[in-house]
Structure formats: structure tokens, C-alpha cells
Amino acid sequence: MRVSKYLLSTQKETPANAEVISHQLMLRAGMIRRNASGLYSWLPSGLRVLRKVEAIVREEMNNAGAIEILMPLVQPADLWVETGRWEKFGPELLRFQDRHNRDFVLGPTHEEVITDLVRKELSSYKQLPLNLYQVQTKFRDEVRPRFGVMRAREFLMKDAYSFHLDQQTMDETYQSMYTAYSNILSRMGLEFRPVLADTGSIGGSVSHEFHVLANSGEDLIAYSTGSDYAANIEKAESPMPTQTRQAPTQELKLVDTPNAKTIAELVEQFGLAITQTVKTLIVKGAAEDAPLVALVVRGDHELNEIKADKLEAVASPLEFATEAEIRAAIGAGPGSLGPVGLSMPIIIDHSVAVLSDFAAGANQDDKHLFGINWERDLPLATSADIRNVVEGEPTPDHLGTYAMARGIEVGHIFQLGTNYSKSMNATVLDENGKAQVLLMGCYGVGVSRIVAAAIEQNHDDRGIIWPEAIAPFQVGILPMNMHKSHRVAEIAEKLYADLQAKGIEVLMDDRKERPGVMFADMELIGLPHVVVIGDRNIDEGVFEYKNRRTGEKQNIPFDDIIDFLTASN
RNA sequence: CGGUGAUUAGCGCAGCCCGGUAGCGCAUCUCGUUUGGGACGAGAGGGUCAGAGGUUCGAAUCCUCUAUCACCGACCA
């Protein structure tokens, strides 16, 4: 491709609306343009990268034995009513009516459509296992789209769905997808980590997320320093305390604490150890006779809302009580709550169960209790894992301690069990001629999100540094003053033709621009290999080669350049 | 959905307080000089000042409403 015939659309200035580096660079490098909140057009360079990611995903899916299909973006509402998600999905699901006033949705995911397809197409166990996938546009009406294509409303996704009658082939397919996802990200040269994950609203049991590591990532992942254990913070199990509860040494004491509304203030003003304090959070209960439930975690810990949501006594989705509700039930505000004398179900974190002589709110405004002890001052409450793990504590396998990293979720695999097949009655006949409900797995890759994630991980202050496998072009040719120098023009044209004949994707900057402009643009768009052609090198019979990633320059004789570039690809 | 802020040329911004009919830098077009790291000179084009209503002789500027965008929070396969 010649720049003169291309739409390069680079910008010198950083658009004011772009927050993260990938979004800024995608705009500046002329990859995407915004049409509305969370909606983007892909310009030529962006599309080339998107298509490369897509091709790698497709190849690895095919290698793993999955079969490509294509389902509609627009889906009839009846299917969503069948699985109950028409009610459950919420406003993220964009709903609309056609000219006959029939309800439709813009597909945020395709479990319903695939299950409907499969229940009609499959009739025998002999057709299983089966893994079908598509690369398709999804639409989710995100509350707050942000970070460009990282969290867009319309985005490109590869989604696969597998069908089984036995857990063994389910496990095998799951494992093959796990491997395929690892291959996909490895081939693109991205640093990533598979982590145990919560299944969220998709449902199911076993689940892993694939995270590209980046400081701008929206997810926190907790991994072991001594083993492969890694989990999303939402899912990471906190260790059972190894110490046992000590006998009380302090008397229970009611203390005036007028200026201590937070744990931090309490600890500061009274010289307490933060690990000897607890905070009490009031949430809505699931049972009618227990409309509020108290959750207690240590002062230095954070409530894990996903874990709390799963507690039987707690209403799902998790909802915090309002200050008014708290006052009505307890008679004190949120800054002065504690477990002693509380007349509602109390669930404490495991780490709280082993505390002695601890401090908590007294359920009276501006007062705290110090020296609280279980079984002396109040009955020991039910304990559960309801907090986020913290750096440095042991992992559940006891092979290491937790460390934290930020990640961008680019893939997610699930074992769904019969969540969808049961409600939609997707069955096939087994060996005995009996109808059996299908087991399902589902596997997603955020194709457009990977493009942004790759930039987050591969850039410098001059622009993008594409990994080989997904660069929009492999090689850039920068002829210096080709509009003046016939020799430069001639040699550049020849190299351009030769590289193209070899099947190498090459972008030649044949604009009548000054060298500085050409260098800057080439670095911004981030092609891995650049060949500079100028009069000063021609006399020596060499090209100047520059590697975008290493910045390293070397002179390559005319006759060797093709081999050199082929070898480095 | 709450809080905060913004909306003026393709992009980045000034002008608004104190009302008099719009400006700067970059980009674009023409001509010339330049050409190994975002050149220089001369000229040119481009704006319903987000929209609607109001106040006023007169509104980018003051008032009201609406829309859109961003950030923080809540939310989120």
C-alpha cells in the first residue's frame, strides 16, 4: 500500500476525550473514529489489525475442532422470555419492536439463539460433542462506555458454544478452549494470565478469565507467588486463619468516639491496631423475616460483594441498606455499627471469628465498644469467606502468597451445565433412546478489546509498537526525498514491488513530506520494521533498517534485505 | 442512575465575568523556497458559537429548558 492512496488519518494532538493510552493512540494513529457514545467506526489501519486478530482467533478455534457458523445480531424476544433473561437481563439488553410490534433484542450474547438452533438440529448423542462458534458484533447498552473500544457498546466478539451429554467430553472441550485461548494470546505476543473467575449473570460452575496484564486494566487479579493459582479478586479465596481465638484479656468498655466515623479515624484517635477493629455493613436480606443482614469484616479488609451476594441470607442482587433503613432498624448511623446486641442475622468473615479483644461500633451514635470477645459479649456468629484477599497472605493451596496485578479481560470460558438447555428443553436421545438434556460450555473472546489491550501493553511515547502477528503492515518503506531523487524513487519502487511479490504487507510513504513527518507517522502507527532509503545510503549499496521495538538500526546490503525481512517476520 | 465539569472551524483551545455580530495554534488548499526527525514565507477556504425558548435596539456572552460528551461513584458475561 502506498500512503498516497491510503487513508492514514494520523493526528498530532491527543483528543481531549480519550483517557487511556490505547484509546488516545488508536485515535491519533487513525484506527478508529467515534460516532456516538460507545460506537466506533474502524478506519483502514484499525480494521487491518482487527481482521488479523480475528484471523488468529479463527485459526486457533478451527485447530481446536470448533466449527464456524453465523447467527443474527437481532434476536426475537420469545427466546429470551424462555430462559427468563428477558426479565433478568436489565437495561443492558437493548430492546425494540419491529413494524408488527413484535419484541426483539440486539444480541448482547447468543446462548438463547444457539440453544434454539441446536435443539432443532441435534437429535442424537452420536452428533456430540459439538463446538460451534461465530465472530459477530455484540451490542450491550453499557451504563458507562469508556476507554474507546475497550468498553464499547457495540463490539466484535468470538463466541463459541459446546454441547455434550457427559462431563468427560465437557471437560475435554473446556480444556481445548483453555489451550486455544492461551495459543491465541501467545501468538499475538501478549503477556496474559488465565484466572479462576466468577460466572456472573451467564451462570454455570467452572469458569476462567483470560487477562492481558496492563496497569490500566479494570480488573484486579490475585495470583500466587508459588504456584499457578490465579483468580479474579471477585473469586480469589481467602485463606482460613491458622491462629485460634485467644482468651479475653480486656473488659468490654463503652467509649465515646464523637469524631470517629470511619475505621481510619478510630484507629488514629485511639491508637488501636486496625486488625483489632471490625466494620459492620448492613445489606438487604433474602428472607421476609430478616429484611436486613449484617456483614462483618476486619477493619483492614474489604467486603467482596460477589461473595456476599452468594450468601443464602443475603438478597441477590446485593443491595446495601440506606442510612434511613439502618437508623430505623438500629437507631444509629452507619459510622457507629457493630455486632454486639444487633437483632438481625450476622455473618462474619472467617478472619473476624478468630479475633479477641476487638473494637466495633456500639449501635449508638458516637460510641464504640472496645474489648469485645465472642461467646462472652455475644454469641459467635456464622462465619464465611466474604472479603477480598489482600497481598501477602497465603493462597488456598498454601504454595505461595497472594500478589496483585491489573488485567484487561479479553477472554472468558464457562461450563454452563444445563442452565440454558434445561429451560429451553434442548435434548438429544442417548444410547438407550431416552431424551437427555444437553450440557453446555460457552467461550468468548473480545476481538476488538484485544486490539486495545495489545496497545496498552505495547507502546512508547512515540506511539504504538505492534506485535508482529497483528501489525497492520509488516514493513514500512520511508524513501527520503523520492520526489527529488530519481535513484531513491527507483530503488524504493523496486523494493516495494519485491516485498509485495514475497507476500509481505508493506506500507510505502510516497508522500511529498519532509522526513520528520514521515518518521513521526511511521512510529505512531507502529509498524514493526522500517526501511529507510536515502541518497546517503545508496552510495554504499545498503538500506537502513530500523526495528520499531528495539529502536536498533542496522545497514543491510540491497541484496540481503528480502531475506533479512523474511527472516525477521 | 447520582455527583462534577464541558459543548465555539477537522483537532487542541481563547473569547463569556463586563452584550455591539468570532479569534489563535495545528490540520486543509494555492504558489515559492526547503528536504535524514513533526520546515519557512506569501496567500486562501472553512463556524446556525450543541439545540430550543426568553431578556434586549442588539446575545457565543445574561436567563430557562433540552440534547450530547467526559470524569468520579453506583453498575457491569
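Letters go in sequence order (proteins before strands), and every chain restarts at 1. Just so we're clear, the structure is a prediction, and the values are computed from it rather than from any experiment.
- The separation of B/A22 from B/G32, taken at their C1' atoms, amounts to 31 Å, rounded to a whole angstrom.
- Comparing the same atom, C1', in B/C18 and in B/C62 gives a spacing of 11 Å after rounding to whole Å.
- One N or O donor and one acceptor, one from the side chain of A/Lys546 and one from the base of B/G37, sit under 3.5 Å apart.
- With a cut-off of 3.5 Å on both Watson-Crick or G-U wobble distances, the partner of B/G10 is given as B/C26.
- Note: CG (A/Leu94) to C1' (B/C76) measures 16 Å, nearest angstrom.
- Residue A/Glu409 is classed as a sugar-phosphate contact, given heavy-atom separations below 4.0 Å to backbone atoms only.
- Taking a pair to require two hydrogen-bonding distances under 3.5 Å in either a Watson-Crick or a G-U wobble arrangement, B/C65 pairs with B/G51.
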Please list each protein N or O that sits under 3.5 Å from an N or O in nucleotides 23-34 of chain B, with the distance.
from	atom 1	to	atom 2	distance (Å)
B/G25	N2	A/Glu13	OE2	2.6
B/U34	O2	A/Arg514	NH1	2.6

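- Going from atom CD of A/Glu218 over to atom P of B/C71 covers 10 Å, rounded to whole Å.
- Using a 4.0 Å heavy-atom distance criterion, A/Asp535 is classed as making no nucleic acid contact.
- Remark: B/U33 base-pairs with B/A39; criterion is Watson-Crick or G-U wobble with both hydrogen-bond distances under 3.5 Å.
- For A/Gln11 against B/G10, a side-chain-to-base donor-acceptor contact under 3.5 Å is absent.
- If you check every strand for non-hydrogen atoms under 4.0 Å, A/Arg33 touches nothing.
- Remark: C1' of B/G36 and CD1 of A/Ile533 are 13 Å apart, rounded to the nearest angstrom.
- Between the side chain of A/Glu544 and the base of B/G36 there is at least one donor-acceptor pair of N/O atoms closer than 3.5 Å.
- Taking atom P on both B/A70 and B/C24, the two are 30 Å apart, rounded to the nearest angstrom.
- The interatomic distance linking A/Gln24 (CD) with B/C71 (P) rounds to 11 Å, in whole Å.
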Report each atom pair, protein N/O against N/O of nucleotides 68-70 of chain B, whose distance is under 3.5 angstrom.
from	atom 1	to	atom 2	distance (Å)
B/C69	OP1	A/Ser37	N	3.0
B/C69	O2'	A/Asn17	ND2	3.3

ask   = Does the pair A/Ile386 and A/Val297 meet the rule for a side chain to side chain contact (heavy atoms under 4.5 Å, CB included), with working shown?
value = CA-CA 8 Å; A/Ile386 58 171; A/Val297 296; 3.9 Å; yes
